[in-house]
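These notes concern the structure reproduced below.
For clarity, every value in this text was computed on a predicted model and none was experimentally measured.
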Amino acid sequence: MNVDLKGRDLLTLQNYTADELKYLLWMASDLKQRIKHEGEYLPLMQGKSLAMIFEKRSTRTRLSAETGFALLGGHPSFLTTQDIHLGTNESLTDTARVLSSMTNAILARVYNHNDLHLMAKEATIPIINGLSDLYHPLQILADYLTLQIMQCVPDMDTGEHYGGLKGLTIAWVGDGNNVLQSFMTSAAQLGMHLRIATPRGFEPDLRITKITEQNFKEYGTKLLLTTDPLEAADSANVLVTDTWISMGQEEEKKERLKAFQGYQITMQTAKSAASNWTFLHCLPRKPEEVDDEVFYSPQSLVFQEAENRKWTIMAVMVSLLTDYSPQLRKPTF
């Protein structure tokens with residue numbers, strides 16, 4: 001797999017080829033195996049620093065980036081809008097240029113995806129999307145890692161679930177949000193089918209939907225958009241949902257809860273799925289989105305999924321900032 005990602009930005013998975021996505025997952029599996037399971041110390045970020053700009057709250061993304069970058073020997077700096085002059089006394093352009101002179105990469109969680117594009121234009125170092133209103137690419141990489149048993153690690157219980165991603169059917173039941181849109185812009189490249197159920201008025205971005213339809217046609221995979229959760233769940237291997245009320249939408253709570261009635265994932269939903277179904281949720285979870293019976297069931301992979309955010313973020317950092325190549329045998333995806 002002759003892939004070189006050094007110096008690239010990661011704003012959306014749409015800009016990454018199938019081989020590049022597979023490479024990132026291979027790298028994540030390599031780091032997880034060597035560091036977690038074999039106890040190696042890989043100071044690949046020694047002497048490097050990471051600026052972490054967060055306009056929104058975060059548990060998993062923040063901890064994954066901070067602990068992962070430090071575990072690799074680097075220095076992460078967590079910056080909120082209360083800590084720096086961003087948007088108050090200093091423009092995004094100036095901030096990007098200053099941070100480029102002091103750090104090796106910027107991971108940014110922002111409200112407006114266009115801010116990432118401006119940052120990427122002005123910075124001379126890689127920009128990594130830690131979540132925006134349009135995409136959450138780091139989350140989807142963690143989800144994909146969770147769903148596959150890496151073939152390069154035979155007979156090892158890694159916690160990843162399937163033998164590969166190609167041919168899997170993912171059913172999304174919920175809001176047409178940034179997490180869904182990252183699935184939409186990457187699933188076809190990896191040979192997966194996607195079935196989407198959203199209430200009327202809460203569909204994914206129309207521009208992204210059009211691109212998705214073209215991608216699925218090009219790669220020969222199946223795409224379904226419906227308002228019926230059971231139709232979406234039909235024969236699916238993976239049931240996925242997320243919050244119905246994202247950060248910044250709190251004033252819409254009453255309206256959204258009414259619109260999403262009937263969209264809670266339960267064992268009744270799972271009866272429509274394939275016999276080997278599993279459940280994913282990027283967390284934090286609210287009971288109206290998925291009941292306890294599913295959320296805490298053996299089929300639920302939500303806590304493995306949360307941990308894997310760390311290994312995939314580390315894989316992104318290593319791939320964008322170093323010449324290190326995975327040491328484990330190349331997996332069959």
Side-chain angles (χ1 to χ4, degrees), residues 1-35 42-53 61 64-65 68-69 71-74 76 96 99-100 103-109 113 116-117 119-132 134-146 148 150-152 165 182-183 185-192 215 219 308-333:
M1 194 179 290
N2 187 22
V3 172
D4 182 7
L5 300 178
K6 190 174 181 181
R8 290 270 298 273
D9 298 316
L10 178 60
L11 307 187
T12 168
L13 299 181
Q14 181 182 326
N15 296 334
Y16 279 63
T17 67
D19 278 350
E20 289 168 344
L21 293 175
K22 292 175 183 178
Y23 183 86
L24 287 172
L25 294 174
W26 181 19
M27 180 72 79
S29 180
D30 177 89
L31 294 173
K32 185 174 184 179
Q33 167 66 10
R34 298 187 68 192
I35 295 172
L42 299 176
L44 302 172
M45 295 295 110
Q46 188 73 44
K48 299 185 185 299
S49 56
L50 172 69
M52 301 169 55
I53 298 176
T61 302
S64 295
F69 203 76
L71 186 59
L72 293 168
L99 293 181
S100 293
T103 66
N104 298 95
I106 300 171
L107 186 151
R109 169 167 286 204
H113 188 75
L116 293 173
H117 283 290
M119 204 177 299
K121 177 183 175 184
E122 298 297 337
T124 57
I125 56 178
I127 305 298
I128 300 159
N129 181 358
L131 179 145
S132 70
L134 290 184
Y135 303 110
H136 196 355
L138 296 176
Q139 175 61 52
I140 302 309
L141 289 172
D143 291 357
Y144 291 160
L145 182 63
T146 306
Q148 67 182 13
M150 302 301 287
Q151 300 296 323
C152 57
L165 298 176
S182 283
F183 273 122
T185 52
S186 59
Q189 291 95 303
L190 296 173
M192 289 178 281
N215 284 347
Y219 288 97
N308 281 333
R309 185 92 64 88
K310 176 174 180 173
W311 302 107
T312 47
I313 285 180
M314 290 167 67
V316 168
M317 301 299 179
V318 171
S319 298
L320 302 188
L321 295 178
T322 76
D323 295 314
Y324 173 83
S325 296
Q327 303 300 302
L328 300 178
R329 179 173 61 84
K330 185 175 72 172
T332 302
F333 290 89

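When every heavy atom of N308 is checked against every heavy atom of K32, the shortest pair comes out as OD1-NZ, 2.8 Å. Closest of all the heavy-atom pairs between Y16 and D9 is OH-O, 2.7 Å. Between T312 and L138, the shortest heavy-atom contact is OG1-O, 3.9 Å. Contact detail for L116 and S132: the closest heavy-atom pair is CD1-CB, 4.0 Å. Closest approach of S182 and H136 over heavy atoms only: OG-N, 2.9 Å. Taking both residues in full, the closest heavy atoms of G130 and T61 are given as O-CG2, 3.9 Å, listed atom of the first, atom of the second, then distance.
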Show your working on side-chain contact (heavy atoms from CB on, under 4.5 Å) between M27 and Y324 and close with a plain yes or no.
CA-CA 9 Å; M27 180 72 79; Y324 173 83; 3.6 Å; yes

Let's go through L21 and L190 carefully: what are the C-alpha distance in whole Å and the side-chain angles of both, what is the deciding distance for side-chain contact (heavy atoms from CB on, under 4.5 Å) to 0.1 Å, and is it a yes or a no?
CA-CA 8 Å; L21 293 175; L190 296 173; 4.2 Å; yes

Worked verdict on L10 versus L5 for side-chain contact (heavy atoms from CB on, under 4.5 Å)
CA-CA 10 Å; L10 178 60; L5 300 178; over 6 Å; no

Using the side-chain contact (heavy atoms from CB on, under 4.5 Å) rule, take T17 and V3 through it: C-alpha gap first, then chi angles, then the decisive distance, then the call.
CA-CA 10 Å; T17 67; V3 172; 6.0 Å; no

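Residue T124 holds its OG1 atom at 8.5 Å from CD1 of I127, rounded to the nearest 0.5 Å. Here the OG atom belonging to S325 is positioned 7.5 Å from the CH2 atom belonging to W26, to the nearest 0.5 angstrom. The OG1 atom of T146 sits 10.5 Å away from atom CD1 of I140, with the distance rounded to the nearest 0.5 Å. Rounded to the nearest 0.5 angstrom, F69 CZ and M52 CE are separated by 10.0 Å. Distance check: E20 CD to L25 CG gives 12.5 Å after rounding to the nearest 0.5 Å. To the nearest 0.5 angstrom, M314 atom CE is 13.5 Å from L24 atom CG.
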Distance-only check: which donor-acceptor pairs under 3.5 Å involve side-chain atoms of residues 43-50, not counting sequence neighbours?
| from | atom 1 | to | atom 2 | distance (Å) |
| --- | --- | --- | --- | --- |
| S49 | OG | M102 | O | 3.3 |

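Counting heavy atoms from C-beta on, the side chains of I106 and I125 come closer than 4.5 Å.
Here S64 pairs with R309, K310, I313 under the side-chain contact (heavy atoms from CB on, under 4.5 Å) rule; sequence neighbours left out.
A distance-only check finds no donor-acceptor pair linking the side chain of Q139 to the backbone of Y135 [under 3.5 Å].
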